[in-house]
Amino acid sequence: MDSIIELKNVTFEYDDNDIKNTVISNFNLEIERGSFTVILGHNGSGKSTLAKLFNGLNKPSAGEVFVDGISTLDEDNEIEIKRRVGMVFQNPDNQLIASVVEEDVAFGPENLGLRPDVIRQRVDEALKAVEMYEFRTAAPHHLSGGQKQRVAIAGIIAMKPECIVLDEPTAMLDPKGRAEIVSTLHKLNKENGITVVLITHFMEEAEKADRVIVMNDGKIITDDIPKIVFSNVKKLKSVGLDVPQTTELLYSLKNNGFDIKTDVISIEEAADEIYNALHLEEK
Amino acid sequence: MSKVLEIRNLTHTYSGNSTTKRDAVSNITFSVDGGEILGIIGHTGSGKSTLVQHLNGLLKPTKGTVLFEEKDIWLEPKKIRHIRSKVGLVFQYPEYQLFEETVYMDIAYGPKNMGLSGDELRVRVEEICKLLGIDEDYFEKSPFDLSGGEKRRVAIAGVMAMRPKVLILDEPIAGLDPKGRADVIKMIESYNKAYNATVIIISHNMEDMAVLADKLIVMNKGALAMFGKTDEVFLKADLLRQIGLNVPIVTRVMAALKKKGIDVPDNIFTVDDAVKCLCSIKKGGGKDA
Amino acid sequence: MLKDITFGQYYRCNSIIHRLDPRIKILLLIVVFIFIFLAQGFAGLLVMTLFITIIILLTKVPIKLFLKNLKSILPIIIFTTLINLFYSKDGIVLFEIWKLKLTTGGVERAVFLALRIILLIIVGSVLTYTTTPNDLTDAIERLLSPLKFIGLKRFVHVLAMMMTIALRFIPTLIEETEKIMNAQKARGANLEEGNIFERIKALIPILIPLLISSVRHAYELAEAMECRCYNGGEGRVRMKKLRLHISDYLSCVVCLIFSSSVVVFNILI
């Protein structure tokens, strides 16, 4: 596998009043270049810690994390690692630095010391990619949550990263904002070939992913394509995940004696499943 | 049943200079009865938050009146603070308002502002915590050491401890995981039952509204687009879609089934109802064959 | 009460003055300030008044906005005027009450100083009405950049970064303060009544959550900046390059002509 991120026997601990807390231990994971991976887990499952290990914001206590083959412990390459693996956080308000959208997007490329005309071009491209170009001179505090989060994403892709890691980027957004972000990410993955690692506790955001990893207590409990992961609703619910209502319905029907699969999320597919199940019965 | 809260022709306009954006509302009329659960749905920016801040007198209407127990709350502007203990308002992300050293003291802040003290205060706090399942072990903890979900519960308890007759919650479950959500919804239901209190909930989540709310208000661009029993509102799926909202997912699945020729009723809004309905169809189908 | 604070007074329109380079505007503001102080007689001050009137008309900003700014410092103008009215003993005595003598010299001096303050305020308003806060911080950063040659490079960068972040977060923090105030008011907090001690005590429920949230903002912002390859400003360039146009040079010339006439009048009269 051509992997962009590789974790080898990683352990991460932190000190809390001299008590050592181990968040993850002996963790192995590879993220394939160009893939769209979703990491699901409830609050406190260790997924945020994991995300920060990806770009060296957290340094492993033992083991090593490689980005494009470079260890995150390599201090000479600290900036380059952060450029290659960009990161977007939950609260859009705490990620925007400048009070004009385009100047905020320029912040990353400016730090990289690029030529001003190159920066300009990258900022425009990045804003167009997240469909925020028309807001380039707006002030962030006049934008909606979803729009602010898209500006934050533009700020990352203006650095031309290989991979973008998002730590619960939709948790504070309304349904409209959430949908905007997820479709933007799929577009970036398909059209710009950027590897996406989306961390969330909304299962429906994983519907179109290439790979879904479910975390609990700092461990991977499932790692597969969405259909297979979603077919085990019981397991997902047991680790405190949000299950969409379509899945909930199919699961309840199954428990009530329906011969039905639970691995679909969209309304149309769910209706098909139920229709088929009712039809089978008639035969 | 008697009207606890009545809003007549409420209009609020903002004069330009404000740094914080608020959305205007215009000509809103509705009322809620004692013990009812009312849901308010609408997009971000539809005026939901502006509307509810009028109900406890945080905002004064530009035009129109707000009546609490048939009395205009602005009749004596100096006594507006008393209204706030009768109409409790829990803001979005209420955990950000915690400030006291201990959980107990934070929950006691509201009742203390009402003038309670000594045993009366202690009984009040203990009673609400017992009702909501907040264990006494928590009393001496710092609210800042709690988990996100626990903080939210303590903050909501702080408003409930004033024992308001009307409790308003702005997106009370936003940002919580399923466990936290279930806990908060349970709290709201127990409070509603224990004191026969009216509850008003702002939410984006149609699925939760279908289970919780007796009546629904739909806000659109600062105006009241719909007001009626939850079933009645959800039956008007087209109208909801026009303003960019939707009916619960399960209702949409049922509509898709109906299109395929399966005879299901239109008024299915919860998973439980859907399962009941489909099971009976299955049995019926089985008998026919 | 908080929503009355308007941060930055930028008036959006597209005038010659709006389009001037912000660095030039700041420099010319300083020049005009100096010459307003240098003017010793009414003649010089009147020339500056004429100059500033022309600028006001060029900004296309409604006159009433300038008057609004003057109104807010009216007490200071009245205070200095009154003091100076009776301070000077020159000229003919107009009338005398108790120990206070009102002389023509005093009137002249009072009017002169009042006019000077008014002009200073108006010139300042011209800058803030026609330049966005962003352009202002940008210009200050660039004007200070020569300091890096005397080993203050880090200082210049940190100052600029602080101004940028402050500009970005002031609206956020104001909004948050308002939210927390409303939340505590909804829990019965009494912020309007009581004596000074009670009022200060009533602020605690607002200040603590605000402090906690500011720390959170700062912590998360620092991480986000690190993720965007921020390295304390080492090797950082700016996307926007400020370039001087003919109008900028021209405005310098015009300004210097008017200002130097102050010197001429000072010498002649």
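Letters go in sequence order (proteins before strands), and every chain restarts at 1.
Contact of the C:N231 side chain with the A:N111 side chain is not registered, since no non-hydrogen atoms from C-beta on lie closer than 4.5 Å. By the 4.5 Å heavy-atom criterion applied to side chains, A:F107 and C:R236 are counted as neighbours. A:P116 is not listed as a side-chain neighbour of C:M239, based on a closest heavy-atom distance of 4.5 Å or more. Counting only heavy atoms from C-beta outward, the side chains of A:M159 and C:R228 approach each other to under 4.5 Å. Counting only heavy atoms from C-beta outward, the side chains of A:F89 and C:C227 approach each other to under 4.5 Å. Considering only heavy atoms from C-beta on, A:Q90 stays 4.5 Å or farther from C:E220 through its side chain. Inter-residue side-chain proximity for A:N94 and C:F169 is flagged as met; some heavy-atom pair is nearer than 4.5 Å.
Counting non-hydrogen atoms of neighbouring residues, nucleotides and ligands closer than 6.0 angstrom, the NZ atom of C:K71 reaches no more than 12 such neighbours. Other residues, nucleotides and ligands contribute more than 12 heavy atoms inside 6.0 Å of the CZ atom of C:F33. Environment of NZ in A:K176: sparse, with no more than 12 heavy atoms of neighbouring residues, nucleotides or ligands closer than 6.0 Å. At most 12 heavy atoms of other shown residues, nucleotides or ligands fall within 6.0 angstrom of atom NZ in A:K8. When the shell of 6.0 Å around CZ of C:R19 is examined, it contains more than 12 heavy atoms from other residues, nucleotides or ligands. Other residues, nucleotides and ligands place no more than 12 heavy atoms under 6.0 Å from the CD1 atom of C:I16. Shown here is C:L74, whose CG atom has more than 12 heavy atoms of other residues, nucleotides or ligands within 6.0 Å. Other residues, nucleotides and ligands contribute more than 12 heavy atoms inside 6.0 Å of the CD1 atom of C:I150.
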Take A:D93 and C:R168, measure what side-chain contact (heavy atoms from CB on, under 4.5 Å) needs, and give me the verdict at the end.
CA-CA 10 Å; A:D93 265 330; C:R168 159 71 187 76; 3.4 Å; yes
Applying side-chain contact (heavy atoms from CB on, under 4.5 Å) to C:L221 and A:Q95, what does each step give before you reach the verdict?
CA-CA 6 Å; C:L221 185 71; A:Q95 301 174 64; 6.0 Å; no
Test log, rule side-chain contact (heavy atoms from CB on, under 4.5 Å), inputs A:E103 and C:K240
CA-CA 8 Å; A:E103 283 180 25; C:K240 269 194 190 159; 3.0 Å; yes
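One distance of note links CG of A:L96 with CD1 of C:I165; it measures 12.0 Å at 0.5 Å rounding.
Options C:K241, C:R216, C:M161, C:E226 differ in how many heavy-atom pairs under 4.5 Å they form with chain A, and the most are formed by C:E226. For the set A:A158, A:G155, A:P140, the entry with the most heavy-atom pairs within less than 4.5 Å of chain C is A:G155. Your options are A:D104, A:L112, A:I81, and the one with the most heavy-atom pairs under 4.5 Å with chain C is A:D104. Counting heavy-atom pairs under 4.5 Å between each of A:E110, A:E80, A:M87, A:R115 and chain C puts A:E110 at the top. Among the candidates A:I79, A:I97, A:I156, A:D117, the residue making the largest number of heavy-atom pairs closer than 4.5 Å to chain C is A:I97.
A:I119 approaches C:V237 most closely through the heavy-atom pair CD1-CG2, 3.6 Å.
If you measure heavy-atom distances from A:V123 to chain C, the contacts under 4.5 Å come from the side chain alone. For chain C, the nearby parts of A:E102 are the backbone and the side chain; heavy atoms of each come within less than 4.5 Å. Contacts between A:V165 and chain C at a heavy-atom distance below 4.5 Å are absent for every atom of the residue. Using a 4.5 Å cut-off between heavy atoms, C:T172 contacts chain A through its side chain alone, with no backbone atom that close.
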